[in-house]
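All values below were derived from every heavy atom in this structure, side-chain atoms included, with hydrogens, water molecules and symmetry-related copies excluded.
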Amino acid sequence: MRINLTSIFVDDQDKGLAFYTDVLGFEKKVEVPLGEHRWLTVVSPAEPDGVQLVLEPAAHPAVGPYRQALVDDGIPMTSFAVDDVHKEYERMVALGVVFTQPPTDMGPVTTAVFDDTCGNLIQIATMH
């Protein structure tokens, strides 16, 4: 068994696609119209056949309270691995990304947390 897909809720799929591709550097993998929304996935350019991140519409009534509770408590929705948290932090800040936690050494890992502009906090991490 292996992970094929994982999802993140976004307020707006176009805005989410722009942020996750233009700012984070993912590449669009699949886009299939499904009425009002789309089946929309992105992948890491380092692993184009790897795990796909589904940019899931946040339309279900349970999504809003769930995401707001996580944001209120400062809990990231997910975590992405990066080679160097400090360099990625500097690159993203220069692009206007707002961080709720700057790079923080936590023993075997350094993490930082940012607002994805789509309703989520996201963590980036580098293992030492």
Side-chain angles (χ1 to χ4, degrees):
M1 191 175 301
R2 58 189 156 78
I3 298 171
N4 181 42
L5 300 167
T6 190
S7 297
I8 191 153
F9 295 108
V10 294
D11 297 329
D12 176 290
Q13 286 184 303
D14 290 326
K15 182 179 176 184
L17 181 61
F19 184 84
Y20 280 78
T21 57
D22 298 342
V23 176
L24 298 187
F26 291 110
E27 296 176 346
K28 182 169 67 172
K29 175 82 173 184
V30 177
E31 182 173 7
V32 177
L34 296 172
E36 181 182 346
H37 303 290
R38 299 167 282 172
W39 179 259
L40 183 60
T41 70
V42 295
V43 293
S44 167
E47 296 180 9
D49 295 320
V51 176
Q52 295 179 56
L53 178 65
V54 182
L55 302 180
E56 196 81 54
H60 189 280
V63 172
Y66 168 68
R67 287 194 313 164
Q68 190 60 54
L70 291 178
V71 169
D72 289 349
D73 289 344
I75 299 171
M77 179 66 73
T78 194
S79 181
F80 300 134
V82 296
D83 291 334
D84 184 324
V85 167
H86 295 280
K87 285 183 182 178
E88 195 63 21
Y89 171 83
E90 294 299 329
R91 183 190 74 79
M92 292 171 64
V93 165
L95 292 172
V97 175
V98 175
F99 278 77
T100 60
Q101 176 203 306
T104 304
D105 184 5
M106 298 185 171
V109 65
T110 298
T111 66
V113 178
F114 64 89
D115 181 336
D116 77 350
T117 74
C118 301
N120 307 291
L121 296 179
I122 306 295
Q123 177 178 272
I124 53 175
T126 300
M127 297 295 291
H128 302 286

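Heavy atoms of other residues, nucleotides or ligands lying less than 6.0 angstrom from CG of Asp72 number more than 12. Within 6.0 Å of CD1 in Ile3 there are 12 or fewer heavy atoms belonging to other residues, nucleotides or ligands.
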For residues 42-57, please give each side-chain donor-acceptor pair under 3.5 Å, one per line with the distance, not counting sequence neighbours.
| unit_1 | atom_1 | unit_2 | atom_2 | d |
| --- | --- | --- | --- | --- |
| Ser44 | OG | Ala46 | N | 3.1 |
| Asp49 | OD1 | Lys29 | NZ | 3.2 |
| Gln52 | OE1 | Thr41 | OG1 | 2.7 |
| Glu56 | OE1 | Ser7 | OG | 3.3 |

Side-chain donor-acceptor contacts of residues 117-128 below 3.5 Å, not counting sequence neighbours, with atom names and distances?
| unit_1 | atom_1 | unit_2 | atom_2 | d |
| --- | --- | --- | --- | --- |
| Asn120 | ND2 | Phe9 | O | 2.7 |
| Asn120 | ND2 | Asp116 | OD2 | 2.9 |
| Gln123 | NE2 | Ser79 | OG | 3.1 |
| Thr126 | OG1 | Val82 | O | 2.9 |
| Thr126 | OG1 | Val85 | N | 3.1 |
| His128 | NE2 | Thr110 | N | 3.4 |
| His128 | NE2 | Thr110 | OG1 | 2.7 |

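Gln13 and Arg38 make their closest contact through NE2-O, 2.8 Å (heavy atoms, listed as atom of the first residue, atom of the second, distance). Between Val109 and Thr111, the shortest heavy-atom contact is CG2-CG2, 3.9 Å. Shortest non-hydrogen contact noted between Ala58 and Val63 is CB-CG1, 3.7 Å. Pro65 approaches Ala62 most closely through the heavy-atom pair CD-O, 3.5 Å.
Proximity of a side-chain donor or acceptor of Thr104 to a complementary backbone N or O of Pro102 within less than 3.5 Å is detected.
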Report task. Show your working on salt bridge (Lys or Arg N to Asp or Glu O under 4.0 Å) between Lys87 and Glu90 and close with a plain yes or no. Result -> CA-CA 5 Å; Lys87 285 183 182 178; Glu90 294 299 329; over 6 Å; no
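The structure places CG of Leu17 at 6.0 Å from NZ of Lys28, a figure rounded to the nearest 0.5 Å. With rounding to the nearest 0.5 Å, the separation of CD1 in Ile75 from CE in Met77 is 10.0 Å. Distance CG/Leu95 to CG/Leu24: 9.5 Å, rounded to 0.5 Å.
Both Leu5 and Leu34 are members of a single hydrophobic cluster when ILVMFWY side chains are connected at heavy-atom separations under 4.5 Å. Two different hydrophobic clusters hold Phe19 and Val113 under the rule that ILVMFWY side chains link at heavy-atom gaps under 4.5 Å. Note on Val97 and Val71: separate hydrophobic clusters, where clusters join Ile, Leu, Val, Met, Phe, Trp and Tyr whose side-chain heavy atoms are under 4.5 Å apart, directly or indirectly.
Each ring-ring contact (aromatic ring centres under 6.0 Å, His included) pair with one or both residues in residues 31-86, not counting sequence neighbours, appears once here: Phe26-Phe80.
Glu88 has its side chain out of reach of Asp83: every pair of non-hydrogen atoms, C-beta onward, lies at least 4.5 Å apart.
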